Peer 1: 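Mind having a look at this structure? Questions to follow.
Reminder, nothing fancy here: chain letters follow the sequence lines and each chain counts from 1. Bear in mind that the values here come from a model prediction, so they are computed numbers and not experimental data.
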Amino acid sequence: MTEELSKQYNPQTTETKWYRTWEAENLFSAQVRPDRLAYSIVIPPPNITGILHMGHALNNTIQDILIRYKTLRGFSALWMPGTDHAGIATQNVVEKALAKEGIKRQDLGREKFVARAWEWKQLYGSTIINQLKKLGCACDWERLRFTMDPDYSAAVIEVFVRLYEKKLIYQGNYIINWCPRCQTALSDEEASHLELQGNLYYLKYPFKDNPQEFICVATTRPETMLGDTAVAVNPKDKRYKKYIGKFLILPLINRPIKIIADHLIDMQFGSGAVKVTPAHDPNDYALGKKHGLEFIQVMHPDGSMNELAGKYSGLDRFKARAAILDDLAAAGLLEKVTPHTLSAGHCYRCHTLVEPYLSQQWFVKMKPLAKPAIAAVKKGKIKFHPARWTKVYLNWVENIQDWCISRQIWWGHRMPVYYCKNCQKHDPQSGVIVSRIKPLQCPKCGLEDLVQEQDVLDTWFSSWLWPFAIFYWPKENAELKYFYPTSTLVTGPDIIFFWVARMIMAGFEFTQQAPFKDVYLHGTIRDSQGKKMSKSLGNAIDPLEIISEYGTDALRFSLVSITTQGQDVYLSKDRFEQGRNFANKIWNASRFILTNLKTENLNIDSSADTKNTKNEKLDIVNRWILSRFYTTLEKVTQELEGYKFNEAANRLYAFFWHEFCDWYLELIKPQIDQKNTQVVMYKILEKYLKLIHPFMPFISEEIWQRLPGAQGSIMRQSWPQLQKQWISKQDEAQMELVFNLINAIRNMRSELEIDPASRSDIQLTVSDQALRLALMPLAGYIKHLARIDNLIFLENYIVQKNQYVTVLKDLHIAMPLEGIVDTAALLAKIDLKTAKILSEIKNKENMLSNKNFTNRAPAEIIQGEKDKLVLMREQLKKLEVIKNGLR
RNA sequence: GGGCUCAUAGCUCAGUUGGUUAGAGCGUUGCGUUGACAUCGCAAAGGUCAGUGGUUCAAGUCCACUUGGGCCCACCA
């Protein structure tokens with residue numbers, strides 16, 4: 001070793017060094033290689049406004065594990081990176097920045113505003129990309145895409161035009177979710193329903209021909225009453241039957257409205273009479289259409305009341321509500337107010353209460369697109385992991401509603417729709433032109449008076465093309481052919497509807513294929529209270545802070561080790577200590593191995609473990625660790641293939657710490673210069689580094705580079721081959737017994753409070769001859785780790801005074817007592833053990849005397865139970881003997 | 001209203017198709033020694049597996065219900 005290794009692992013210097021090297025050496029780049037199988041993942045593109053949070057950290061760590069693992073397994077593994085323009089989110093951020101300068105977006109105008117947004121994107125849009133690099137992500141950065149790249153935008157336009165031509169896109173006047181703050185339409189998915197503590201207001205509407213009499217209606221949104229155009233009752237309702245067809249006077253506005261009948265009205269709810277506001281409520285809209293009612297809109301897009309709201313015009317909707325209630329109360333028309341919980345949509349970007357609003361928007365007809373997306377999942381062409389999400393997905397796709405895709409913002413893909421002003425004079429519909437490129441003149445009238453649609457497309461209308469548009473679809477090309485369909489999608493269940501389902505639909509519609517085979521859905525990261533971790537709640541643990549405090553590998557390992565498949569993650573900061581300590585453990589074990597390695601011992605090529613026939617040349621300790629290593633390799637491989645990342649991580653942790661370090665390295669210390677031991681020790685470390693590399697890329701590379709046999713980056717190595725011939729249950733069982741023996745002796749010493757520095761003598765009685773002969777060669781190990789001077793093997797136990805004896809299966813471990821010993825305390829302990837064994841024996845006896853059990857249980861289970869009983873009885877007998885010895 | 005999910009050691013959680021005496025990390029207690037590691041080692045304490053009932057030779061594991069968390073979907077105004 002030319003360089004001293006420090007006592008502690010220092011992640012900071014290591015991480016930046018290796019990430020730079022990997023980038024410089026182009027190790028993230030995946031090529032189209034016909035000689036290899038392709039494995040590909042497209043990143044869920046983070047918003048350009050995004051800042052790395054724990055959700056990203058988990059999501060991208062999992063993807064990185066898959067990519068690094070598949071690369072080691074010999075796939076041409078591509079991780080496609082990119083960012084999302086995030087229409088509303090980005091527009092809001094840019095507007096906020098402008099507000100600091102005292103500018104509104106309207107002051108700038110569309111063009112200048114969009115220019116400012118691009119500027120913002122250039123400045124801050126890759127923040128998250130740099131943060132992903134700190135996480136160690138092995139993305140092919142040269143292929144970085146953005147949802148508003150020119151090619152990508154062309155794909156979006158292409159898709160719009162194709163759907164329009166198939167009549168799957170239409171324009172119409174409907175009630176949509178409107179965010180009065182963002183001043184744009186939202187899709188149903190973008191309006192997240194939150195429970196609100198509100199009131200049910202009972203309003204009295206007087207009859208037109210008899211103003212002394214009233215019908216009472218119940219509403220949660222009294223301000224919309226200004227737009228009422230009817231009152232509806234159930235035709236079967238005896239209370240109101242006689243009034244159907246009569247007129248009421250809408251208070252405050254004094255407009256006559258008709259009483260209509262519809263069996264959709266629930267007689268039980270409220271007063272049984274419903275005010276109908278077709279322009280401000282989706283149900284009322286349907287009623288309005290059905291009964292030919294007038295649609296009166298009383299609100300501006302910003303949520304304030306408009307000129308049709310009479311004296312309330314100009315008031316914000318909530319102020320208008322208060323004023324209207326006051327006025328109704330003053331007029332004696334507010335019958336009562338009862339508390340009422342309701343759930344109402346809130347803008348998923350700014351959390352403002354969404355207003356159902358009648359407006360002209362563009363929609364995608366989803367039912368035809370859903371068909372193949374349903375079939376593919378049902379047939380298992382696409383699999384969800386964990387499978388329970390399949391049901392959630394299917395439930396949504398099978399009940400899919402049309403998708404409102406137009407947004408009244410400026411940042412995004414402007415719709416490829418043009419209006420001919422001339423044609424629209426005669427008929428609004430005939431003036432609509434949908435075209436891939438801006439037409440110079442109207443194809444119908446030939447005039448050049450064309451304007452482009454102001455609206456942009458929903459951000460998700462570009463994201464749903466991600467898996468193929470990222471590969472320059474619709475252009476035919478080698479990448480698309482080779483890497484698409486992609487292999488695995490890794491994301492959170494919160495965007496199954498927004499994104500996953502729509503990608504599946506787009507995949508089938510535009511490429512006739514499923515865009516991916518597996519969908520792995522990880523849990524949501526929550527704080528220790530179970531709340532979703534988010535910046536706005538102030539409960540977030542910043543991954544970058546964890547990286548600088550504990551290291552990236554520690555962050556990654558800790559996160560993954562607590563992510564049970566699909567289960568939410570409750571996180572507190574101290575979890576990351578485990579990862580940091582583990583990295584340090586790997587570091588120090590490697591340091592120990594490397595400083596004790598005699599390179600001349602290593603004929604790397606003729607490594608002992610690859611030859612099946614040389615078994616007997618290795619002693620059991622080396623055979624044992626090889627057996628354990630290959631068992632670990634086999635299981636970890638299975639677990640990674642099955643997306644059980646936490647199980648793989650915890651297995652790797654337990655193997656390295658408790659088997660390799662705690663037992664193996666301690667056992668071999670006295671024989672560390674022995675050639676076979678050197679080879680095995682080195683080989684295990686070398687292979688282990690590859691297994692841990694997907695989880696902890698930095699430390700594994702750092703140590704890898706210090707191995708005498710290392711050539712090139714660990715990223716370019718291959719996953720170890722499983723050598724089943726090394727897996728030996730017999731060797732494992734024998735070592736297990738040695739460990740139990742050592743533990744028992746340590747335990748005795750601890751119980752007897754023997755000075756740790758001193759050494760003891762042990763008489764070990766093993767009646768089974770074969771076992772005795774097997775254990776005798778291992779005496780050296782036992783003496784070494786249990787701190788024993790003289791270890792004497794006996795065939796038959798002889799009761800002796802002044803001995804402390806423990807029973808382990810059918811072994812007797814006897815230790816001479818020296819000095820003053822609290823015999824009473826030892827006896828008490830033995831009594832406790834005796835009592836425990838007695839009750840267990842009783843249980844077993846009951847079990848075995850039960851004919852139902854002996855008749856029905858499998859033979860090997862019964863035999864196992866019998867063996868146990870025999871062993872227990874032996875133990876009991878021995879405990880009795882020991883007791884007598886102590887007295 | 002429908003659906004999903006969770007309840008196991010003081011805390012955070014594992015526990016594969018039912019089959020040893022139910023595990024880990026952290027925390028706690030005691031002791032610190034062996035040719036890497038105090039971000040460490042050794043030992044110990046700590047559990048009626050939320051409750052009730054059922055299926056079974058056998059239930060933490062399967063079923064039903066109950067209680068208490070969390071989440072999603074749905075147009076009762």
Peer 1: When rounded to the nearest 0.5 angstrom, what distance separates CG in Leu597(A) from CE in Met681(A)?
Peer 2: 5.0 Å
Peer 1: Evaluate the ring planes of Phe582(A) and Phe557(A), with Trp represented by its six-membered ring, and classify them as parallel (under 30°), tilted (30 to 60°) or perpendicular (over 60°).
Peer 2: tilted
Peer 1: Quick one: is Lys275(A) getting a side-chain N or O under 4.0 Å of the A77(B) phosphate, OP1 or OP2?
Peer 2: no
Peer 1: Anything under 30° is parallel, anything over 60° is perpendicular, the rest tilted; go ahead and classify Tyr348(A) against Phe498(A).
Peer 2: parallel
Peer 1: Once you measure the plane-to-plane angle for Tyr9(A) and Trp587(A), does it fall in the parallel (<30°), tilted (30-60°) or perpendicular (>60°) bin?
Peer 2: tilted
Peer 1: Which one, U12(B), A74(B), U39(B), comes nearest to the side chain of Ser343(A)?
Peer 2: A74(B)
Peer 1: Using a cut-off of 4.0 Å on non-hydrogen atoms, how would the nucleic acid contact of Arg575(A) be classed: base, sugar-phosphate, or nothing?
Peer 2: base
Peer 1: Apply the test ring pair (Phe, Tyr, Trp, His ring centres under 6.0 Å) to residues Tyr393(A) and Phe384(A): give CA-CA distance (whole Å), side-chain angles for both, the deciding distance (0.1 Å), then the verdict.
Peer 2: CA-CA 9 Å; Tyr393(A) 164 87; Phe384(A) 286 86; 5.1 Å; yes
Peer 1: Would you mind classifying the nucleic acid contact of Gln8(A) as base, sugar-phosphate or nothing, using non-hydrogen atoms under 4.0 angstrom?
Peer 2: base
Peer 1: Check whether the side chain of Lys585(A) and the base of C37(B) form a donor-acceptor pair under 3.5 Å.
Peer 2: yes
Peer 1: Check every atom of A36(B), C26(B), A77(B) against the side chain of Leu665(A) and return the nucleotide holding the closest atom.
Peer 2: A36(B)
Peer 1: With nearest nucleotide decided by heavy atoms, which residue, Ile265(A) or Arg388(A), maps closer to the 5′ end of RNA chain B?
Peer 2: Arg388(A)
Peer 1: Side chain of Asp662(A) only, please: which of A36(B), A24(B), C42(B) is the nearest?
Peer 2: C42(B)
Peer 1: So Met225(A) and Tyr205(A), do their side chains get closer than 4.5 Å, heavy atoms only?
Peer 2: yes
Peer 1: Would the base of A36(B) count as contacting Lys669(A) through its side chain, where contact means a donor and an acceptor less than 3.5 Å apart?
Peer 2: yes
Peer 1: At 4.0 Å (heavy atoms only), tell me whether Glu666(A) reaches a base, stays on the sugar-phosphate, or touches nothing.
Peer 2: base
Peer 1: Tell me whether the OP1 or OP2 atom of G25(B) has a side-chain N or O from His658(A) closer than 4.0 Å.
Peer 2: yes
Peer 1: Regarding Phe497(A), tell me which of base, sugar-phosphate or nothing describes its non-hydrogen contacts under 4.0 Å with the strands shown.
Peer 2: sugar-phosphate
Peer 1: Side chain of Lys391(A) only, heavy atoms from C-beta on: which candidate in C42(B), A24(B), G3(B) is closest?
Peer 2: G3(B)
Peer 1: Go through C37(B), G25(B), U39(B) for me and flag the one nearest to the Asn588(A) side chain.
Peer 2: C37(B)
Peer 1: So what is the 5' to 3' dot-bracket string for RNA chain B, if pairs are Watson-Crick or G-U wobble with both distances under 3.5 Å, crossing pairs use [ ] and | means the partner sits on another strand?
Peer 2: (((((((..((((.....[...)))).(((((.......))))).....(((((..]....))))))))))))....
Peer 1: For a quick check of understanding: with a heavy-atom distance under 4.0 Å over all strands, which category does His280(A) fall into, base, sugar-phosphate or nothing?
Peer 2: nothing
Peer 1: The side chain of Trp657(A) is closest to which nucleotide in this list: G35(B), G41(B), C73(B)?
Peer 2: G41(B)
Peer 1: May I ask you to check if Lys669(A) and Tyr664(A) form a cation-pi contact, with NZ or CZ under 6.0 angstrom from the six-membered ring centre and within 45° of the axis?
Peer 2: no
Peer 1: Contact class for Arg787(A) vs. all strands (heavy atom < 4.0 Å): base, sugar-phosphate, or nothing?
Peer 2: base
Peer 1: Name the nucleic acid region contacted by Val274(A), choosing base, sugar-phosphate or nothing; use a 4.0 angstrom heavy-atom cut-off, strictly under.
Peer 2: base
Peer 1: Looking for any heavy atom pair under 4.0 Å, which part of the strands does Asn747(A) touch: base, sugar-phosphate only, or nothing?
Peer 2: sugar-phosphate
Peer 1: Check every atom of C42(B), C76(B), C75(B) against the side chain of Asn283(A) and return the nucleotide holding the closest atom.
Peer 2: C75(B)
Peer 1: Return the nearest nucleotide to the side chain of Phe269(A); candidates are A36(B), G41(B), A77(B).
Peer 2: A77(B)
Peer 1: Consider the side chain of Lys7(A), meaning its heavy atoms from C-beta on, and name the nucleotide among G25(B), A38(B), G35(B) that approaches it most closely.
Peer 2: A38(B)
